[in-house]
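Both ligands and their constituent atoms are indexed starting at 1 by order of listing. Computed from a predicted model, the values in this text were never measured in an experiment.
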Amino acid sequence: MSIAAPGQLNLTEYSSWGSRTVDNFEKLEQIGEGTYGQVYMAREIATGEIVALKKIRMDKEREGFPITAIREIKILKKLQHDNVIKLKEIVTSPGPEKEDQGRPDGNKYRGGIYMVFEYMDHDLTGLADRPGMRFSVPQIKCYMRQLLTGLHYCHVNQVLHRDIKGSNLLIDNEGNLKLADFGLARSFSSDHNANLTNRVITLWYRPPELLLGATKYGPAVDLWSVGCIFAELLHGKPLFPGSNEPELISKIFELCGSPDEVNWPTVSKLPLYNNFKPSRPIKRRLGDFFRDCGDRHAVELLEKMLTLDPEQRISAKDALDAEYFWTDPLPCDPKTLPKYESSHEFQTKKKRQQQRQQHEENAKRQKLQHHPSRGLPPIQQSGHNAQMRNQPMHGSQPPVPASGHHYGKPRGPAGGGPGSRYHQGHLNRGYGSGPYPPPQARGPPPYGSNYPPQGGGPGPGPGPYGGSGAGRGGSNRNQQYGWQ
Ligand SMILES: Nc1ncnc2c1ncn2[C@@H]1O[C@H](COP(=O)(O)OP(=O)(O)OP(=O)(O)O)[C@@H](O)[C@H]1O
C-alpha cells in the first residue's frame, strides 16, 4: 500500500472505485443512522470479509452528489494511518433500492452509492453505554493516545476533522481506535487565512471560538472536542451538555471561566463576544472540579485542552508528550484490552428503547395481574428465565459490576489556567510544513504490562465513562454547498 505524501492525493490505486455494485455484499444488519444515511454491517460474498457499508443519502440532493460525501471521499483517500478509518472502495447500486421504493424522488441519480469501510466493532459512545461499563485508567490512556495520534496525523496533513465526538471514534476488538466520519472535515492551510463556517462540530463538543463566531480557525477546534471527550471519560458524563448555544456558552464559562483580554487577548474581536459577555467575570474552576479524580497529570492535560484561547490550547503533538501518558499506570497495549460484543451508538440506543418498552409492558402486565378481572393472563416473573432477560446480551464480555454506570440526560434537541508547566511552544505550530513526523519527542510511550485487570473487570479507574446517552447535540452538518 503506497501512502500519499502530505497534502497530495494518491489516486493510482483507486481507478477501480465505483466499478463494482453493492450486490457483491450481503447486508447483515444496520449499525448506524446518520445525517448521510444508513450504515450497515455487511459481508463481501466472494471473500467472506466483514465490512461497513455507508450509504450516501441522495434524497435531499437535487443538485447531484452531496458535497459532504465528496469531501469525505477526497480526504479519506489522502489519509492512511492506523488511527484513521480506512475507506476501501466505493460501490454503486444501479437502480432504486428496496428501502427507497415508493419515496418521492427528487434526485437525478436514482441509484445508490456506498462507501465501503473496514468494519469496527464499536464506537466509543456505544461501548461506553454498555450497562456496567467501566474503563480502567490504562484503557482511557490507551484510547486517548490513539485519538491524539490519529488527530496529529490529520493536522500534519492539513485536515481539520471538525466533528470529534464519541460516536465518530470507532474501536475494534483488537483495541484499535480510529477516527471516522470525515463528512465535515476540510483541508486547511497553515496561515489560517481562509474564512470557514463556524457551524461545525456537534454542539456539546464545540469550542468557544466557534460559539463566539470565529470564521478563521485551525486545529485547535479539534483539540477542544478531544478535551470534552477526555473530560467525559474522567467524569463519567458529558461535561457541557448544553441544549443550545447560549446555554452551552454559559456552561463553558461556569467551568472554564469567562474570557477577557488577559486570558484570551483577541477575544473582544470575535463577532459574538459582546452578545455573550457575562455581566461580571467568572473564575475558572475546572481544576477544582476535577480534583477528586485523583490524577494530577490528567487534570493538567485537561486544563491545556480546555483552554479558552485557541492560540494557547495544546496541540495534539504536545498533548502526546504530556506527563499523563508517561507516568504510571501507563497506557495499556491495545491488544490486551477486553473484547466486547459489538456495540454501536445506534444499537445501544435501540436496545435501551426496547428495554424501556419491555419494562413498560411488564409493568402493565403486573398491574393487570393485581386486577385479574381485566382478563390478561399473568406472566411468569420469577426464576432463571426472568433473570436471564436482564443479563448482558452476550456471554463473552468480562464480568461487569452491577453499579457505576450513569445514563445521561435524555438526548438534547437536535443540533446536542493552564497548568504550571504549561508552555506556549505550540503557538505558530506551522502545520503542514513537512512530512508527517510521528510524535517522537520521547519515543513511543511505553505500555503498561499489568492491564487490563484479569478477567477484564474494572481497573483502578477513576469512575465509569458513563453512557452520556444524552443528545450530544446534532452536528450542524451543512449538506449544501455554502459551507467551507
Ligand atoms: N467502519 C465502520 N465500522 C463500524 N461501524 C461504523 C463504521 N462507520 C460508521 N459506523 C457506525 O455508524 C455510525 C454513523 O456513521 P457516520 O458517523 O460515519 O455517519 P454519519 O451519517 O456521518 O453520522 P452523523 O450524522 O451522526 O455524524 C457511527 O457512529 C458508527 O456507530
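Ligand-side atoms of ligand 1 in range of Lys165: 26 (O), 27 (O), range being under 4.0 angstrom from any heavy atom. Residue contact check: Gly32 has heavy atoms under 4.0 Å from atoms 12 (O), 13 (C) of ligand 1. For ligand 1, the atoms lying closer than 4.0 Å to a non-hydrogen atom of Val39 are 9 (C), 10 (N), 12 (O), 14 (C), 15 (O). In the vicinity of Asn168, heavy-atom distances shorter than 4.0 Å reach the ligand 1 atoms 17 (O). Below 4.0 Å from some heavy atom of Ala52 lie the following atoms of ligand 1, by number and element: 1 (N), 2 (C), 3 (N), 7 (C). Listed by atom number, the atoms of ligand 1 under 4.0 Å from Phe117 heavy atoms are 1 (N). The ligand atoms of ligand 1 that sit less than 4.0 angstrom from a heavy atom of Asp123 are 29 (O), 30 (C), 31 (O).
Looking at ligand 1, you won't find any N or O of Glu345 less than 3.5 Å from one of its N or O atoms. For Glu72, no nitrogen or oxygen atom sits less than 3.5 Å from a nitrogen or oxygen atom of ligand 1, counting backbone and side chain alike.
Every salt bridge (charged side-chain N to carboxylate O under 4.0 Å, His left out) that Glu174 has, sequence neighbours left out, goes to Lys339. Residues satisfying the ring-ring contact (aromatic ring centres under 6.0 Å, His included) criterion with Phe289, sequence neighbours excluded, are His235.
Ring geometry for Tyr40 against Tyr114 counts as tilted: the plane angle lies between 30° and 60°, on a 0 to 90° scale.
Between Lys216 and Glu209 no salt bridge is recorded (no basic side-chain N to carboxylate O distance below 4.0 Å). Between Glu345 and Lys165 no salt bridge is recorded (no basic side-chain N to carboxylate O distance below 4.0 Å). With salt bridges taken as basic N to acidic carboxylate O contacts below 4.0 Å, none links Asp318 and Lys304.
In this structure, His122 falls outside the shell of residues with a heavy atom less than 4.0 angstrom from ligand 1.
Here the two rings, on Phe230 and Phe290, have centers that are 6.0 Å apart or farther.
For the pair Lys141 and Phe325, the cation-pi test (distance below 6.0 Å, angle within 45°) is failed.
When non-hydrogen atoms are compared, ligand 1 lies under 4.0 Å from neither the backbone nor the side chain of Thr125. Residue-level proximity to ligand 1 for Asp121 is absent, since no heavy atom of it falls below 4.0 angstrom.
Judged by distance alone, with hydrogens and angles left aside, the side-chain atoms of His344 form no donor-acceptor pair with the main-chain N or O of Gln30 at under 3.5 Å.
Of all the listed residues (Lys54, His344, Glu33), Lys54 holds the heavy atom that lies closest to atom 18 (O) of ligand 1.
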